[in-house]
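The block underneath contains the structure these notes are about, expressed in structure tokens.
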Amino acid sequence: MDREAALLVAYARGDRAAAQALVERLAPRLVAMATRILGDATEAEDVTQEAMLRLWRYAPAWRAGEARVSTWVTRVALNLATDRLRRRRTTGLDDAFGPAGEPQDCRRSVMAEMHVAERAAALRAALTELPERQAQAVALRHIEGLSNPEIGELMGIGVEAVESLTARGRRALKAKLAGRRAALSLEDGDE
Amino acid sequence: MSEGKEPERGRGQLPSDRDDDPLDAAFAAARATAPAVAPLSSDLSARLIADALEAMPVQSVSPRRADHVRRFGILSWLRFGVSWPAASGLAACAALGVWVGAAPPDFVDAVSGSLLSELGLEDPLAAIRVDNLSDAFDLASFDE
């Protein structure tokens, strides 16, 4: 039994210290992952709280060897984050790059930061238009930096399927972002 | 590598963020949003712990309560001023009570009988006393 599973069993038996330890071990990574996917710290905290709450409620039914606790709760947080991302569809790519967002008179460093934020916003907007599994695989591979076997474990699929999902996801994202090349260009400050 | 699939890379080996590839630049921008592990705010930490305690299937035993049980449990008497002779006396009294209840001496019967007669009651257990049972059954009948 891995350490987190042992802590979860202890929590289910009424051990407060185990709850504290699980929060310290699991929550920081969940917040970071959700922040990178959603680009919003407040939403990321909400996702983390909901994922951890589901873990607490599932604790009495947890069976050793079923899965790793960290994998289980990360999968829940990933699903919650992508669900929220997809609910933003109404924003769309054009809104993410709307004229109001174009800087006019800023210093070069500030412009660079804004370009980075714009690129990230455009990517997230494009991700909302992908099929959910493609969006998850691409986010885990290219934003979270997980290996294909790790993604396969999280999503409950084989490595081949992960490779296929990420490849199709990348192609779809390229097509969606093709019209925004100028905005995504690194030649910041030249506009 | 089969067509349409991405080559496998290990953890941390991200696709290069080529300046000429807007998609990879966008991925890099998203990664820059937050560090690998974000520190928890005190507010979030408090909310998570509160949720955990509220959802806890077994109510936890607080350290204060556990200490109380340890201090005032039976065995702890011996640690806190009750000597072995006193504990032995208590055990002897308990044993005497059991004995008197199971096989009362004659004087107990005499006292309880006089009390019952003064109250105008009959001894309800008289019929099942061991000494009366010997009269009720002819044990010799079992010899056949």
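Proteins come first, then strands; the chains are lettered A, B, ... in the order of their sequence lines, and each starts at number 1.
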*What is the distance from atom CG of B:L44 to atom CD of A:Q49, rounded to the nearest 0.5 Å?*
6.5 Å
*Are the side chains of A:R141 and B:F27 in touch, meaning some heavy atoms are under 4.5 Å apart?*
no
_Give me each pair satisfying salt bridge (charged side-chain N to carboxylate O under 4.0 Å, His left out) with a member in residues 73-85 of chain A, each pair once, sequence neighbours excluded._
A:E43-A:R84
_Contacting moiety of A:A59, where chain B heavy atoms sit under 4.5 Å_ = neither
*Ignoring hydrogens and angles, tell me if any N or O in the side chain of B:R31 forms a donor-acceptor pair with the backbone of A:H142 under 3.5 Å.*
yes
*Of all the heavy-atom pairs spanning A:T48 and B:L48, show the shortest one and how long it is.*
O-CD2, 4.3 Å
*Taking NZ, NE, NH1 and NH2 as the nitrogens, is one of them in B:D51 or A:R57 under 4.0 Å from a carboxylate oxygen of the other?*
no
*asked:* Using side-chain heavy atoms (C-beta onward) and a distance below 4.5 Å, is B:M56 in contact with A:W56?
replied: no
*Might you point out which heavy atoms bring B:A52 and A:Y11 nearest each other, and give the distance in Å?*
O-OH, 2.6 Å
_Is any side-chain heavy atom of A:K174 closer than 4.5 Å to one of B:D21?_
yes
*asked:* Check A:D46 with B:R47, please: is the shortest side-chain N to carboxylate O separation under 4.0 Å?
replied: yes
*Which atom names give the shortest non-hydrogen contact between B:A26 and A:L123, and what distance separates them?*
O-CD2, 3.6 Å
_Would you say A:V116 ends up clustered with A:I37 if hydrophobic residues are merged whenever their side chains have heavy atoms under 4.5 Å apart, either directly or through other cluster members?_
no
*Separation between CD1 of B:I49 and CZ of A:R16, rounded to the nearest 0.5 Å*: 10.5 Å
